[in-house]
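Note that these values count all heavy atoms, side chains included, but never hydrogens, waters or copies made by symmetry. Position 1 is the first residue of the sequence, and the numbers go up from there. No experiment lies behind these values; they were computed from the predicted model shown.
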Amino acid sequence: MRVLVTGGAGFIGSHVVEALRAGGHEPVVFDVRAHPGADVRDADAVARALLGVDAVCHQAAMVGLGEGVADAPEYVSRNDLGTAVLVAAMAAAGVRRLVLAGSMVVYGEGRYVCPRHGVVRPGPRAVADLAAGRFEPRCPRCGAELVPGPVGEDAPADPRNVYAATKLAQEHLAAAWARGTGGAAVSLRYHNVYGPRMPRDTPYAGVASFFRSALAHGRAPRVFEDGRQRRDFVHVRDVARANVAALEAAAAPGALTVYNTGSGEPRTVGDLARALAAACGGPEPVVTGEYRLGDVRHITADSSRLRSALGWQPRVPFAEGIREFAREG
């Protein structure tokens with residue numbers, strides 16, 4: 001297949017390009033970092049890029065929590081307007097296969113079980129609780145402690161920051177395109193992706209990048225809250241292979257299919273900080289008790305649907321991936 005990879009010069013996109021080449025496909029990179037003027041919001045540029053293309057792997061996006069609501073116009077422009085321009089151009093060009101870089105942030109908080117009330121969805125955490133160091137969500141019905149677990153694709157969406165809202169809107173646009181054209185769309189809801197070429201030293205970088213940058217400068221990683229936030233850290237090469245698997249697999253025409261894309265091995269943010277510190281030979285992490293209001297407490301993936309439907313399996317063990325990531329810094 002000839003595959004247009006938007007954001008193909010970026011962190012995840014560049015690995016997708018490599019995985020496509022390794023699989024015998026022909027990736028076409030569309031990225032402002034590689035070609036000035038290759039902006040996914042430019043309808044003419046996108047239309048030219050789609051000539052002779054069989055499928056699109058849409059990785060271009062503004063990522064991270066950024067600076068809060070002040071960034072909303074830029075997030076909506078890059079993520080949602082960009083996706084709208086892309087799917088409109090695909091419809092006109094007759095390109096009928098799309099794989100979207102989705103995100104676990106659309107869920108908000110993960111899956112929680114109350115001992116009395118079963119599966120519940122806690123509301124947003126209150127500033128007063130966070131400031132007092134009460135980080136764990138409580139049952140909205142009885143106030144009991146909750147047990148976190150992996151979230152499945154059928155969980156209702158509950159985006160809790162601007163970035164999350166735009167990622168959900170991207171999925172809605174992809175679904176509308178699929179219904180309107182008979183195309184096949186897949187959204188891979190990435191969990192916490194890390195690995196080589198990860199952005200660093202910007203407000204939009206991931207937590208692994210923040211920790212590594214601190215260690216590279218001889219500083220201790222600063223861990224927010226109490227460090228016990230549960231996440232699913234998945235290596236970028238495994239994510240790239242998931243994209244190739246989604247492009248190659250049979251897909252339902254006229255619909256959007258969603259797959260969680262995670263390692264299936266929950267770890268805490270503190271675990272990550274300690275592993276990186278050990279791999280870098282740097283100072284031990286410092287748990288600060290600080291918080292960001294847009295963060296959720298626990299979000300880990302049930303990626304069994306991706307494994308069973310596409311035969312995908314993560315290959316890079318956490319310890320090995322962290323050692324490699326540390327060496328790059």
Side-chain angles (χ1 to χ4, degrees), residues 1-7 12-13 16 19-20 23-28 40 46 50 52-61 79-80 82-107 111 150-159 164 166-191 193 232 234 238-262 264 301-314:
M1 277 187 289
R2 193 164 192 258
V3 183
L4 183 69
V5 184
T6 70
I12 298 175
V16 171
L20 284 166
H25 301 289
E26 181 187 355
V28 178
V40 75
V46 173
L50 286 169
V53 161
D54 303 302
V56 174
C57 191
H58 185 29
Q59 305 294 316
N79 296 355
D80 299 339
T83 301
V85 169
L86 174 65
V87 296
M90 290 175 65
V95 179
R96 297 292 182 261
R97 196 167 188 90
L98 171 66
V99 174
L100 171 69
S103 176
M104 54 81 184
V105 295
V106 302
Y107 296 118
R111 184 178 187 272
V151 63
E153 292 90 348
D154 296 330
D158 185 17
T166 64
K167 295 306 289 184
L168 183 58
Q170 283 187 309
E171 289 192 351
H172 289 321
L173 288 164
W177 166 82
R179 286 192 296 269
T181 64
V186 171
S187 178
L188 298 174
R189 288 179 175 168
Y190 302 160
H191 280 248
V193 186
D232 186 317
V234 58
D238 286 331
V239 167
R241 289 190 306 99
N243 276 270
V244 177
L247 284 164
E248 292 178 342
L256 172 72
T257 305
V258 173
Y259 296 109
N260 285 337
T261 308
D302 177 356
S303 298
S304 58
R305 179 184 292 180
L306 178 61
R307 295 170 187 242
S308 61
L310 303 188
W312 172 89
Q313 294 281 345

List the atom of Val106, the atom of Ala164, and the distance in Å for their closest heavy-atom pair.
CG1-O, 4.1 Å
With side-chain contact (heavy atoms from CB on, under 4.5 Å) as the test, would you mind laying out the steps for His58 and Val40 before giving the verdict?
CA-CA 10 Å; His58 185 29; Val40 75; 4.1 Å; yes
Once you round to the nearest 0.5 Å, how far does CE of Met104 lie from NE2 of His191?
6.5 Å
Look at the side chain of Asp302 and the backbone N and O of Pro150, then say whether any donor-acceptor pair between them is shorter than 3.5 Å.
no
To the nearest 0.5 Å, how far apart are CG in Leu98 and CZ in Arg96?
11.5 Å
Can you tell if the side chain of Val56 reaches within under 4.5 Å of the side chain of Leu50, non-hydrogen atoms only?
yes
Atom pair CD1/CD of Ile12 and Gln59 - distance to nearest 0.5 Å:
6.0 Å
When you measure from the side chain of Thr6 to the backbone of Ala60, do you find a donor-acceptor pair of N or O atoms at a distance under 3.5 Å?
yes
If every non-hydrogen atom of Gly264 is compared with every non-hydrogen atom of Asp232, which pair is closest and at what distance?
N-OD2, 2.9 Å
Please, which pairs that meet salt bridge (Lys or Arg N to Asp or Glu O under 4.0 Å) have at least one residue in residues 239-250, sequence neighbours excluded?
Asp238-Arg241
Working for side-chain contact (heavy atoms from CB on, under 4.5 Å), residues Val234 and Tyr190:
CA-CA 8 Å; Val234 58; Tyr190 302 160; 5.7 Å; no
Closest heavy-atom pair and its distance - Trp177, Ala185:
CZ3-CB, 3.9 Å
Search all heavy atoms of Gly52 against all heavy atoms of Arg2 and return the closest pair with its distance.
O-CD, 3.4 Å
In Å, rounded to the nearest 0.5 Å, how long is the span from CG of Asp154 to CZ of Arg305?
5.0 Å
Would you name the heavy atoms of Gly262 and Trp312 that are closest together and state the gap between them?
O-CH2, 3.4 Å
If you define the side chain from C-beta out and look only at heavy atoms, does anything of Pro27 sit under 4.5 Å from Val16?
no
For Val53 versus Leu4, what's the shortest heavy-atom pair and its separation?
CG1-N, 3.9 Å
Nearest 0.5 Å, what's the OH-CG distance between Tyr107 and Leu168?
10.5 Å
Within-4.5 Å side-chain heavy-atom neighbours: Leu306 and Thr261
yes
Might you work through the side-chain contact (heavy atoms from CB on, under 4.5 Å) test for Asn243 and Leu20, ending with a clear yes or no?
CA-CA 9 Å; Asn243 276 270; Leu20 284 166; over 6 Å; no
Spatial distance of atom CZ (Arg189) from atom OG (Ser303) [nearest 0.5 Å]:
11.5 Å
